[in-house]
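Below, all heavy atoms of this structure are taken into account, side chains as well, without hydrogens, waters or symmetry copies. Source: prediction; values computed, not measured.
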Amino acid sequence: MGTGARSEGSGDSEDDAVPVAPDRPVVDGRTMSPEELREEVEELRDERVVHIEQLRAELGDTVEELASRFDVSARVQARKDETVAAALRQVDELCRIVTDKVAEVRRFVREKPGAAAGAAAALLLLIVLRRRRRKARSVSSEEG
């Protein structure tokens with residue numbers, strides 16, 4: 001980009017114009033045509049507008065993030081949704097495991113019915129003995 005703009009004290013000529021503000025360059029209209037100067041001003045304006053829009057977008061993102069941090073009910077709801085989703089995944093996994101185990105037990109019972117009947121009888125005997133012990137303990141504690 002050709003610059004028809006010069007900063008203060010560039011030393012190009014003795015009759016350098018003084019800028020309107022110290023942070024603004026002096027524009028020498030003699031080196032560029034009016035159309036070129038307009039194009040350069042438009043480019044600078046466009047760059048500044050783009051920069052301002054980027055800053056606005058960043059500021060908007062920051063404000064949005066801060067607002068979400070202070071929105072406790074939304075954070076609690078999000079945490080609840082995550083927890084429920086995790087629990088449902090675990091339940092699905094456990095259901096799959098139980099279904100697989102039930103299929104294995106059914107297969108075992110079909111292949112070895114005698115062993116299955118013996119295991120069932122042993123389990124039933126264990127349950128009956130435990131109930132008798134509990135009943136005996138509760139009777140002895142009431143008497144004592």
Just distance, no hydrogens or angles: give the donor-acceptor pairs under 3.5 Å from side chains in residues 103-115, sequence neighbours left out.
none

Result of checking T99, V98, D100 against V102 for side chain to side chain contact (heavy atoms under 4.5 Å, CB included): V98
Test item: L59 and R56 side chains (from C-beta on) under 4.5 Å apart, heavy atoms: no
Return a table of donor-acceptor pairs under 3.5 angstrom between the side chains of residues 70-79 and protein atoms on other chains or two or more places apart.
| from | atom 1 | to | atom 2 | distance (Å) |
| --- | --- | --- | --- | --- |
| D71 | OD1 | S73 | OG | 3.2 |
| R75 | NH1 | R69 | O | 3.1 |
| Q77 | NE2 | D81 | OD1 | 3.1 |

Report, one line per pair, each donor and acceptor closer than 3.5 Å where one atom sits in a side chain of residues 125-138; sequence neighbours left out.
| from | atom 1 | to | atom 2 | distance (Å) |
| --- | --- | --- | --- | --- |
| S138 | OG | R134 | O | 3.4 |
| S138 | OG | K135 | O | 2.9 |

Can you list the residues that meet the side-chain contact (heavy atoms from CB on, under 4.5 Å) rule with Q54, with sequence neighbours excluded? V50, H51
For L124, which fellow cluster members are found when Ile, Leu, Val, Met, Phe, Trp and Tyr are connected by side-chain heavy-atom distances below 4.5 angstrom, either directly or through intermediates? none
Pair listing, salt bridge (charged side-chain N to carboxylate O under 4.0 Å, His left out) test, anchored in residues 83-95, at least two apart: E93-R96
Would you find a donor on one side and an acceptor on the other, under 3.5 Å apart, between the side chain of E65 and the backbone of T62? no
